[in-house]
Number of protein chains: 2
Amino acid sequence: MDDSPQLPKLDDLLCFNVYALHHSLGRFYHSAFGDVGFTYAKFVALLALNESGPMSLSALSAKTGVEANSLSPLIKKMASFELVERVRDPEDERRIQLAILPFGRTILERASKLVEDNWAQMGISPEDIAAVTRVLAKTKCALDTTSPRKLTIPAPGKPED
Amino acid sequence: MDDSPQLPKLDDLLCFNVYALHHSLGRFYHSAFGDVGFTYAKFVALLALNESGPMSLSALSAKTGVEANSLSPLIKKMASFELVERVRDPEDERRIQLAILPFGRTILERASKLVEDNWAQMGISPEDIAAVTRVLAKTKCALDTTSPRKLTIPAPGKPED
DNA sequence: ATAGATTAATTCGTGTACGAATCAATCGTA
DNA sequence: TACGATTGATTCGTACACGAATTAATCTAT
């Protein structure tokens with residue numbers, strides 16, 4: 001009898017390829033940035049702040065796709081390194097306003113240059129990158145607006161529901 | 001004067017789109033699997049073991065792209081749930097042999113069905129998925145065979161090197 | 001036969017990620 | 001004016017990820 005014919009091949013799964021590439025990117029950027037305590041997550045936060053100007057922590061969360069409770073400690077650490085400035089909004093004291101600092105911009109520019117140089121050698125065409133980026137963004141939107149069905153499992157030894 | 005014209009736009013970066021999609025996938029699969037203590041990482045491990053048959057932990061690491069030191073505690077936990085079996089290879093006692101167990105195959109089949117059903121509603125065409133998957137795999141290979149240049153930073157207040 | 005090199009897995013420490021809960025501030029309604 | 005609802009940020013606990021170090025087993029060269 002067939003060996004679970006309906007199960008997909010790992011390498012054919014979009015999710016798995018994103019998952020595996022994300023890990024490779026993590027290792028790659030840790031290798032590039034790790035010696036100076038910099039990370040890709042910090043890079044993304046700086047890029048977003050530099051691109052769009054000062055914004056609240058929740059606006060940065062929306063722009064980067066990272067939950068606010070992950071950004072809060074990350075931004076605190078970045079502030080302690082003088083990469084960014086974080087101040088309470090006097091008009092609404094619930095809100096933290098964030099802005100990139102000159103040192104942060106220096107680090108961002110150096111990191112961006114390094115990333116650009118490294119990627120120039122990868123041999124991935126701009127057309128491929130643009131096409132893939134579009135599908136990834138579309139997929140993310142679809143995911144973010146869908147509530148998945150939940151996995152249920154039978155307890156070992158019990159009849160399945 | 002221009003505002004850092006050479007810096008890329010966040011949304012145009014392949015890396016950022018992979019990063020952001022990976023997080024959305026994490027939330028999506030946690031929502032689908034989290035109530036029963038299952039995760040996407042476990043799903044990937046089961047899929048790999050089911051697809052390729054019994055293998056060593058380092059072979060599973062190579063197949064999934066996850067470092068062995070992450071797999072070791074993960075597989076131990078999966079073994080404690082009777083999803084997989086882990087035994088020392090009598091021919092080489094450095095090596096752990098892994099195999100999926102019947103309960104693991106049950107969970108895998110249910111999870112795969114659920115994932116397939118959920119994804120059917122995403123509206124991403126099989127052609128798009130195939131094309132994107134190819135570029136992501138190619139990018140991963142390029143990354144894994146490249147040593148990046150390292151970021152260096154000037155200390156605050158010191159002249160740049 | 002032995003010792004050094006290499007391999008496979010494990011543990012430790014650290015980083016990022018998120019669901020849930022909590023707290024303070026603001027808003028809207030009665 | 002007061003109270004409940006909502007919002008924004010923070011903390012906590014847990015999961016996964018990886019570099020480095022460690023341990024045990026195997027291999028290779030002398």
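Numbers restart at 1 for each chain; the letters A, B, ... are given by sequence-line order, proteins then strands.
Taking A/D144 as the reference, A/K140, B/R27 meet the salt bridge (charged side-chain N to carboxylate O under 4.0 Å, His left out) condition, with sequence neighbours excluded. Evaluation of the side-chain contact (heavy atoms from CB on, under 4.5 Å) rule for B/S56 yields B/S58, B/A59, B/R95, B/Q97 as partners, not counting sequence neighbours. Every residue meeting the salt bridge (charged side-chain N to carboxylate O under 4.0 Å, His left out) condition with A/D117, not counting sequence neighbours, appears here in chain and number order: A/K113, B/R149. Annotation: side-chain contact (heavy atoms from CB on, under 4.5 Å) contacts of B/S147 (sequence neighbours excluded): none. Remark: A/R94 engages A/D92 in a salt bridge (charged side-chain N to carboxylate O under 4.0 Å, His left out) (not counting sequence neighbours). Partners of B/Q121 by side-chain contact (heavy atoms from CB on, under 4.5 Å), not counting sequence neighbours: none found.
Nucleic acid contact for A/S31: none, since no nucleic acid atom lies under 4.0 Å from a heavy atom of the residue. Looking at heavy-atom distances under 4.0 Å, A/S58 makes contact with sugar-phosphate atoms alone, never a base.
Residue B/F38 contributes atom CZ, which lies 19 Å from atom C1' of C/dG19 at whole-angstrom precision.
Screening residues 30-42 of chain A for side chain to side chain donor-acceptor pair (under 3.5 Å), with sequence neighbours left out, gives A/S31-B/K150. For residues 69-78 of chain A, no residue pair satisfies the side chain to side chain donor-acceptor pair (under 3.5 Å) rule, not counting sequence neighbours.
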Distances under 3.5 Å between protein N/O atoms and the N/O atoms of nucleotides 20-24 of chain D, please, pair by pair.
| residue | atom | partner | partner atom | Å |
| --- | --- | --- | --- | --- |
| D/dA20 | N6 | B/N69 | ND2 | 3.1 |

Show each protein N/O and nucleotides 13-15 of chain D N/O combination with a separation under 3.5 Å, one pair to a line.
none

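Here the side chain of A/A41 is nearest to one of C/dA17, D/dC16, C/dT10, namely C/dA17. In the set C/dT11, D/dG8, D/dT10, the nucleotide with an atom closest to the side chain of A/R95 is D/dG8. Picking from C/dT10, C/dA17, D/dT26 the nucleotide with the shortest atom distance to the side chain of B/D92 gives D/dT26.
Near DNA chain C, meaning a heavy atom under 4.0 Å away, the residues from residues 16-26 of chain B are B/Y19, B/H23.
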Acceptor/donor pairs from residues 9-22 of chain A side chains to any protein atom, 3.5 angstrom cut, sequence neighbours excluded:
| residue | atom | partner | partner atom | Å |
| --- | --- | --- | --- | --- |
| A/N17 | ND2 | A/D11 | O | 2.9 |
| A/N17 | ND2 | A/L13 | O | 2.8 |
| A/H22 | ND1 | B/H22 | ND1 | 3.4 |

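For D/dC16, the OP1/OP2 oxygens have no side-chain nitrogen or oxygen of B/S70 closer than 4.0 Å.
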